[in-house]
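Naming: A, B, ... by sequence-line order, numbering from 1 per chain.
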Amino acid sequence: MLELNLIRENPEFVKERLGIKNFEAGIILQHILELDKIRRDTKNKLDQCLAESKNISKEIGALLQAGKTLDVNVLKERTAELKVLTKTLDDAMRQAETQQNQLLIQLPNFPHPSVKPGKTAEDNEIVQSEGVIPVLAENAVPHWELCQRYNIIDFELGNKITGSGFPVYRGQGARLQRALINFFLDEGIKAGYLEYQPPLLVNEASGYGTGQLPDKDGQMYYINEDNLYLIPTAEVPVTNFYRDVILKESDLPIKNIAYSSCFRREAGSYGKDVRGLNRLHQFDKVEIVQIQHPEKSWAALEEMREHVVDLLQKLELPFRILRLCGGDMSFASAMTYDMEVYSAAQQRWLEVSSVSNFETFQSNRMKLRYKDTTGKIRLLHTLNGSALALPRIVAAMLENNQTEKGILIPAVLQPYTGFELIS
RNA sequence: GGAGAGGUGGCCGAGUGGUCUAAGGCGCACGCCUGGAAAGUGUGUAUGCUCCAAAAGGGUAUCGAGGGUUCGAAUCCCUCUCUCUCCGCCA
């Protein structure tokens, strides 16, 4: 959520920045400011009423103790009037406040000045590209066929017991999953992150805090009976650890890492994009989350990008990094890098990580703040990124490393898998 | 799932209708004391919204959350939620 102060002080600037995300904010901003005026005026009147009532109540108390019951009745008439007025003003103020908030949460975050305008994924900038795209043998096949050939991931068994998008990992496939999770966690810990194991279900307030609610509730699995949501990413619980928290400046930076299964309904997805491991309803991911001092968040974003690059290099996967254009960025992000690996048999790039700085957008919703050295309370910056999501890494690894003998496991993973070859 | 007891400031804890503007303690910060420290001692120590150009300061709200009763609620009533104890079930 954008900070109200900013909108009050410089609505034109806000409008211009949101334009980069192709968001026409003019009318909403105007309404927000109108409601703000109403809310504040009403608030002032209300506070005056409350103050008067409070004083009269004290007087009544004093009079009763002095035994002057007749005077009390006169005062009670006045408080009866005030009570009606208070109710009216309170309703009006709350209404203005609610409406204002409803409008505020419709505004996306604004992009960093370096973010280029653009409408679709076509307009994203490639900022880094590394690794050699392997030339595969003529009989090379996509990963879903390899999964079947080596019997390591069983999609049909998943269909049977749950439904599509819920594969069953088996034998060397299961061990590869476990190896990747441990590898990613260990690398994160080496880079200074603290490991967490969060709950996989969260409440409504958490969904709201990171921005999944109210807009994207259709993308989360929902447990009606207990009013809980299955997490689409560990970002949700791990960032919400700090909801309604005021940190000390000395607590910073906070660097957390968490493995979790992730659950996404992916309503509306279809076609060859969702084949095999490309898009699943349940998948595994290791997520990194940072809570940063506002002046250090941009350096932190680069550090996180470097961390992901390091992982991809170690896994020997050809990759490229995109800086998303305004139109392709998520609602809450100020800047996002997408990391994609090349899937040689499908001959396409697969997104395996997305690293973003949200600046104060999430922390404003969550009331995540810190007290600076002068005692002033300010919003913090939040960042997160995948490091990494498993399915597409596995897809690319299987396809790119396929040989006559089997699938080669990168050296760095072998201590984790306990084997060099899937065969 | 059943029964009972609870939720008060950073923490502990008093407070059962009227200066609660929340006692007291611990912690923390700053000062005094000291050669330095400890001890002692003094002062301060929440957050939101709002008024004010800003600072200083003021108003108002907040005692798990939301409603209600009352001139007046931390205190009484209702609903929800969380924690603890016992029973039941159970990895």
Side-chain angles (χ1 to χ4, degrees), chain A residues 1-10 32-105 197-209 213 223-229 237 240-252 254 261 360 363-380:
Chain A
M1 183 160 72
L2 291 179
E3 292 170 68
L4 184 57
N5 273 342
L6 225 58
I7 295 171
R8 256 187 225 160
E9 281 162 20
N10 203 341
I32 288 174
L33 291 172
E34 284 164 7
L35 286 163
D36 197 45
K37 174 110 177 70
I38 294 169
R39 181 181 62 85
R40 291 201 282 174
D41 288 349
T42 315
K43 160 88 175 158
N44 284 329
K45 286 181 199 149
L46 173 64
D47 281 357
Q48 279 170 29
C49 275
L50 288 168
E52 191 180 343
S53 304
K54 213 166 106 172
N55 288 328
I56 292 176
S57 290
K58 277 185 193 168
E59 270 182 66
I60 290 176
L63 288 171
L64 285 176
Q65 277 186 345
K68 297 178 181 167
T69 31
L70 284 176
D71 299 339
V72 166
N73 290 330
V74 180
L75 290 175
K76 278 192 184 178
E77 278 175 34
R78 176 59 183 156
T79 51
E81 284 170 32
L82 283 172
K83 211 169 178 177
V84 176
L85 187 56
T86 304
K87 177 92 175 88
T88 312
L89 289 169
D90 191 55
D91 288 348
M93 190 193 71
R94 281 177 199 236
Q95 201 195 345
E97 199 169 19
T98 307
Q99 286 176 356
Q100 192 181 24
N101 272 327
Q102 277 170 358
L103 293 175
L104 266 173
I105 61 172
Q197 285 199 15
L200 303 181
L201 282 79
V202 293
N203 57 28
E204 217 173 330
S206 296
Y208 180 81
L213 296 174
I223 296 172
N224 187 51
E225 204 170 357
D226 298 294
N227 193 25
L228 295 171
Y229 295 85
N240 274 283
F241 291 164
Y242 306 94
R243 172 154 45 83
D244 291 317
V245 166
I246 299 174
L247 294 166
K248 287 183 295 221
E249 201 162 344
S250 58
D251 293 330
L252 303 171
I254 284 174
S261 292
T360 59
S363 60
N364 193 30
R365 277 192 173 210
M366 274 193 292
K367 301 283 169 279
L368 162 54
R369 294 161 298 171
Y370 77 106
K371 207 173 249 191
D372 72 15
T373 42
T374 67
K376 198 160 178 174
I377 290 181
R378 302 171 64 194
L379 291 169
L380 282 159

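- In this structure, A:Asn55 places its CG atom 13 Å from P of B:U19, rounding to the nearest Å.
- Take A:Phe241 and apply the ring pair (Phe, Tyr, Trp, His ring centres under 6.0 Å) test, not counting sequence neighbours, and it matches A:Tyr196.
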Provide a list of protein-nucleic acid N or O atom pairs under 3.5 angstrom, restricted to nucleotides 43-50 of chain B.
{"unit_1": "B:U47", "atom_1": "OP1", "unit_2": "A:Lys371", "atom_2": "NZ", "d": "3.1"}
{"unit_1": "B:U47", "atom_1": "O3'", "unit_2": "A:Arg369", "atom_2": "NH1", "d": "3.3"}
{"unit_1": "B:G48", "atom_1": "OP1", "unit_2": "A:Arg369", "atom_2": "NH1", "d": "2.9"}
{"unit_1": "B:C49", "atom_1": "O3'", "unit_2": "A:Arg39", "atom_2": "NH1", "d": "3.2"}
{"unit_1": "B:C49", "atom_1": "O2", "unit_2": "A:Lys43", "atom_2": "NZ", "d": "3.0"}
{"unit_1": "B:U50", "atom_1": "OP1", "unit_2": "A:Arg8", "atom_2": "NH2", "d": "2.8"}
{"unit_1": "B:U50", "atom_1": "OP1", "unit_2": "A:Arg39", "atom_2": "NH1", "d": "3.4"}
{"unit_1": "B:U50", "atom_1": "OP1", "unit_2": "A:Arg39", "atom_2": "NH2", "d": "2.7"}
{"unit_1": "B:U50", "atom_1": "O2'", "unit_2": "A:Asn44", "atom_2": "OD1", "d": "2.4"}

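- Atom name P, nucleotides B:C63 and B:A5: the rounded distance is 23 Å, in whole Å.
- The partner of B:A22 cannot be assigned: no Watson-Crick or G-U wobble pair with both contacts below 3.5 Å exists in any strand.
- If you take atom P in B:U60 and the same atom in B:G7, they sit 28 Å apart, rounded to whole Å.
- Between B:C12 and B:G6, the two C1' atoms lie 16 Å apart (nearest whole Å).
- A:Tyr242 meets the ring pair (Phe, Tyr, Trp, His ring centres under 6.0 Å) test with no other residue; sequence neighbours excluded.
- Taking a pair to require two hydrogen-bonding distances under 3.5 Å in either a Watson-Crick or a G-U wobble arrangement, B:A56 remains unpaired.
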Exercise. Which letters describe nucleotides 66-73 of chain B, given B = protein heavy atom under 4.0 Å from base, S = only from sugar-phosphate, - = neither?
Worked result: -S--BBS-
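- A gap of 48 Å separates the P atoms of B:C87 and B:C71, to the nearest Å.
- If you take CD of A:Glu9 and C1' of B:A54, they are 13 Å apart, rounded to a whole angstrom.
- The interatomic distance linking A:Asp41 (CG) with B:G59 (C1') rounds to 15 Å, in whole Å.
- Rounded to whole Å, the distance from NZ on A:Lys45 to P on B:C51 is 13 Å.
- Contact between A:Ala92 and A:Thr42 at its shortest, heavy atoms only, is CB-CG2, 3.9 Å.
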Problem set entry | side-chain contact (heavy atoms from CB on, under 4.5 Å) between A:Ile7 and A:Leu104, worked out | CA-CA 10 Å; A:Ile7 295 171; A:Leu104 266 173; 3.5 Å; yes
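- The partner of B:G36, taking Watson-Crick or G-U wobble pairs whose two distances both stay under 3.5 Å, does not exist in any strand shown.
- Partners of A:Ile377 according to the side-chain contact (heavy atoms from CB on, under 4.5 Å) rule, which considers only residues two or more places apart in sequence or in another chain, are A:Ile246, A:Arg369, A:Lys371.
- Comparing the C1' positions of B:U21 and B:G4 gives a spacing of 37 Å, expressed to the nearest Å.
- Rounded to an integer number of Å, the gap from CG of A:Asp90 to P of B:U62 is 11 Å.
- Taking a cutoff of 4.0 Å between a charged side-chain nitrogen and a carboxylate oxygen, A:Asp36 and A:Arg39 qualify as a salt bridge.
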For this session: Walk me through it: do A:Leu368 and A:Asp244 pass the test side-chain contact (heavy atoms from CB on, under 4.5 Å)?
Result: CA-CA 6 Å; A:Leu368 162 54; A:Asp244 291 317; over 6 Å; no
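- Across B:U41 and B:C20, the matching C1' atoms stand 28 Å from one another, rounded to whole Å.
- In this entry the distance linking CG of A:Asp244 with P of B:G10 reads 13 Å, nearest Å.
- Straight-line distance between the C1' atoms of B:G1 and B:C77: roughly 27 Å, to the nearest whole Å.
- A 3.5 Å limit on both hydrogen-bonding distances identifies no Watson-Crick or G-U partner for B:A73.
- Annotation: salt bridge (Lys or Arg N to Asp or Glu O under 4.0 Å) contacts involving residues 44-58 of chain A, sequence neighbours excluded, comprise A:Lys43-A:Asp47, A:Glu52-A:Arg78.
- Shown here, B:G31 forms a base pair with B:U41; the pair counts as Watson-Crick or G-U wobble because both key distances fall under 3.5 Å.
- Protein atom CG of A:Leu50 is 13 Å distant from nucleotide atom P of B:G59, rounded to whole Å.
- Judged by Watson-Crick or G-U wobble contacts below 3.5 Å, the nucleotide B:C86 has B:G2 as its partner.
- B:G36 sits 13 Å from B:G31 when the P atoms are compared, rounded to a whole Å.
- Under a cutoff of 6.0 Å and an axis angle of 45°, A:Arg378 and A:Tyr370 do not form a cation-pi pair.
- Counting only distance, with no hydrogens or angles, the side chain of A:Arg8 and the backbone of A:Leu33 share no donor-acceptor pair below 3.5 Å.
- In this structure, B:U16 makes no Watson-Crick or G-U wobble pair, since no nucleotide meets both defining distances under 3.5 angstrom.
- Nucleotide B:C63 forms no Watson-Crick or G-U wobble pair with any nucleotide shown, as no partner meets the under 3.5 Å limit on both distances.
- Between the CD atom of A:Glu52 and the P atom of B:A61 there is a distance of 13 Å, rounded to whole Å.
- For the residue pair A:Asn203 / A:Ser206, a side-chain donor-acceptor distance below 3.5 Å is found, with atom types taken as modelled.
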